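Have a look at the structure below before the remarks.
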Amino acid sequence: MENPYKVLGVREGASTEEIKAAYKELAKKYHPDKYVNNPLGDLAAEKMKEINEAYDYLMKNGGGQKQSNGGYNQGAYKYAYIRDYINRGNLAEAERQLNSMNTHDAEWNYLMGVVMLRKGWYDSAYQYLLRATQMAPNNMEYRNAFNSLNHTGNVYRNMGNARGYNQGGMSTCDCCSNLICADCCCELMGGDLISCC
């Protein structure tokens with residue numbers, strides 16, 4: 001999706017009134033009713049679709065909302081794009097965008113955790129998602145992601161423990177004992193795991 005501010009022809013951080021005015025002006029210009037039986041009708045319909053998507057996107061994702069400091073909420077706009085990159089599997093761009101941000105709030109930590117999780121970096125994902133849930137304990141999206149990752153980690157740890165691997169790892173004696181035992185089993189079946197000199 002192209003930058004919605006650019007599609008509507010307004011500056012980033014434009015007020016809600018500016019966005020609505022730009023939308024109305026473009027809707028008048030490209031409305032399909034003006035292009036009935038016109039060879040440019042398909043182009044106008046495509047442009048109108050793009051304008052509608054940009055307008056809906058800005059209205060749903062914080063476009064034109066003022067922050068308490070008098071500035072505009074660019075974070076919600078940028079986070080929505082980052083979520084889109086993640087959903088499309090473009091993790092490198094999502095991570096690049098997150099790393100370019102100065103604010104590391106709960107949403108930032110959540111999205112970075114999701115990126116790490118999708119990359120298979122579970123320890124980093126755990127830390128980011130934990131931080132997100134600590135910063136916004138009432139956000140169920142963050143909490144569910146953290147609980148899911150935490151549960152998955154416990155399942156793998158429990159499976160490992162059930163197979164004889166403790167969390168402290170295998171001692172040297174355990175390793176040697178296991179190799180000797182495996183060698184004996186192989187020799188009983190006609191093979192040889194560890195050849196004798």
Side-chain angles (χ1 to χ4, degrees), residues 1-20 22-23 27 48-162 165 167:
M1 173 192 228
E2 194 177 340
N3 183 327
Y5 289 103
K6 186 175 177 184
V7 170
L8 296 178
V10 294
R11 64 180 173 76
E12 291 198 17
S15 70
T16 303
E17 290 76 25
E18 290 173 310
I19 292 169
K20 286 180 179 179
Y23 171 76
M48 195 64 219
K49 180 182 173 191
E50 187 178 297
I51 292 164
N52 285 330
E53 285 175 359
Y55 178 77
D56 290 342
Y57 185 88
L58 288 175
M59 291 298 105
K60 289 178 185 172
N61 293 294
Q65 292 182 354
K66 288 188 177 179
Q67 293 177 333
S68 58
N69 65 3
Y72 289 90
N73 184 0
Q74 295 298 310
Y77 160 71
K78 191 161 189 174
Y79 286 144
Y81 268 105
I82 292 168
R83 282 177 178 264
D84 188 49
Y85 287 129
I86 293 170
N87 291 335
R88 288 188 283 138
N90 191 346
L91 301 179
E93 183 59 23
E95 188 174 3
R96 191 184 74 70
Q97 291 289 329
L98 286 165
N99 285 328
S100 73
M101 297 178 75
N102 295 326
T103 303
H104 294 180
D105 57 9
E107 178 75 357
W108 186 93
N109 279 283
Y110 169 73
L111 292 174
M112 187 62 90
V114 172
V115 168
M116 295 297 121
L117 184 61
R118 297 258 179 107
K119 289 171 73 173
W121 298 1
Y122 299 108
D123 290 339
S124 295
Y126 179 89
Q127 295 302 319
Y128 286 117
L129 292 174
L130 174 63
R131 198 168 305 123
T133 57
Q134 289 171 339
M135 294 172 85
N138 295 326
N139 186 307
M140 291 311 295
E141 182 182 25
Y142 303 168
R143 184 159 298 285
N144 289 338
F146 175 73
N147 289 340
S148 177
L149 177 61
N150 199 24
H151 174 70
T152 301
N154 286 336
V155 168
Y156 288 124
R157 282 191 290 276
N158 291 338
M159 286 171 58
N161 289 337
Y165 302 107
Q167 290 187 1

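Excluded from the calculations below are hydrogen atoms, water molecules and symmetry mates; all remaining heavy atoms, backbone and side chain alike, are included. No experiment lies behind these values; they were computed from the predicted model shown.
When only modelled atom types and interatomic distance are considered, Tyr79 and Asp105 share a side-chain donor-acceptor pair under 3.5 Å.
Remark: Arg96 pairs with Glu93 by the salt bridge (charged side-chain N to carboxylate O under 4.0 Å, His left out) rule, at least two apart or across chains. For Lys119, the salt bridge (charged side-chain N to carboxylate O under 4.0 Å, His left out) partners are Glu95, not counting sequence neighbours. A search for salt bridge (charged side-chain N to carboxylate O under 4.0 Å, His left out) contacts involving Lys6 returns Glu2, not counting sequence neighbours. For Asn147, there are no side-chain hydrogen bond (donor to acceptor under 3.5 Å, both in side chains) partners, not counting sequence neighbours. Residues satisfying the side chain to side chain contact (heavy atoms under 4.5 Å, CB included) criterion with Ser100, sequence neighbours excluded, are Lys78, Gln97. Residues satisfying the side chain to side chain contact (heavy atoms under 4.5 Å, CB included) test with Ala94, not counting sequence neighbours, are Ile82, Tyr85, Ile86, Val115.
Nearest heavy atoms, Ala136 versus Ala106: CB-CB, 3.8 Å. Closest approach of Ala125 and Gly113 over heavy atoms only: CB-O, 3.4 Å. Nearest heavy-atom pair, Gln134 versus Pro137, reported as atom, atom and distance to 0.1 Å: O-CD, 3.7 Å.
Here the CE-OG1 distance, from Met140 to Thr133, works out to 11.0 Å after rounding to the nearest 0.5 Å. In this structure, NE2 in His104 is found 7.0 Å from CG in Asn99, a value given to the nearest 0.5 Å. Leu98 CG to Met112 CE: the interatomic distance, rounded to the nearest 0.5 Å, is 4.5 Å. The line from CH2 of Trp108 to CE of Met101 is 9.0 Å long, rounded to the nearest 0.5 Å. Expressed to the nearest 0.5 Å, how far CG of Leu149 lies from OH of Tyr122 amounts to 8.5 Å. Between Asn139 atom CG and Tyr110 atom OH the span is 8.0 Å, to the nearest 0.5 Å.
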### Worked verdict on Tyr142 versus Leu129 for side-chain contact (heavy atoms from CB on, under 4.5 Å)
CA-CA 7 Å; Tyr142 303 168; Leu129 292 174; over 6 Å; no

### Message
Let's go through Tyr128 and Leu111 carefully: what are the C-alpha distance in whole Å and the side-chain angles of both, what is the deciding distance for side-chain contact (heavy atoms from CB on, under 4.5 Å) to 0.1 Å, and is it a yes or a no?
### Response
CA-CA 8 Å; Tyr128 286 117; Leu111 292 174; over 6 Å; no

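In this structure, the side chains of Asn52 and Tyr23 come closer than 4.5 Å at one or more pairs of heavy atoms.
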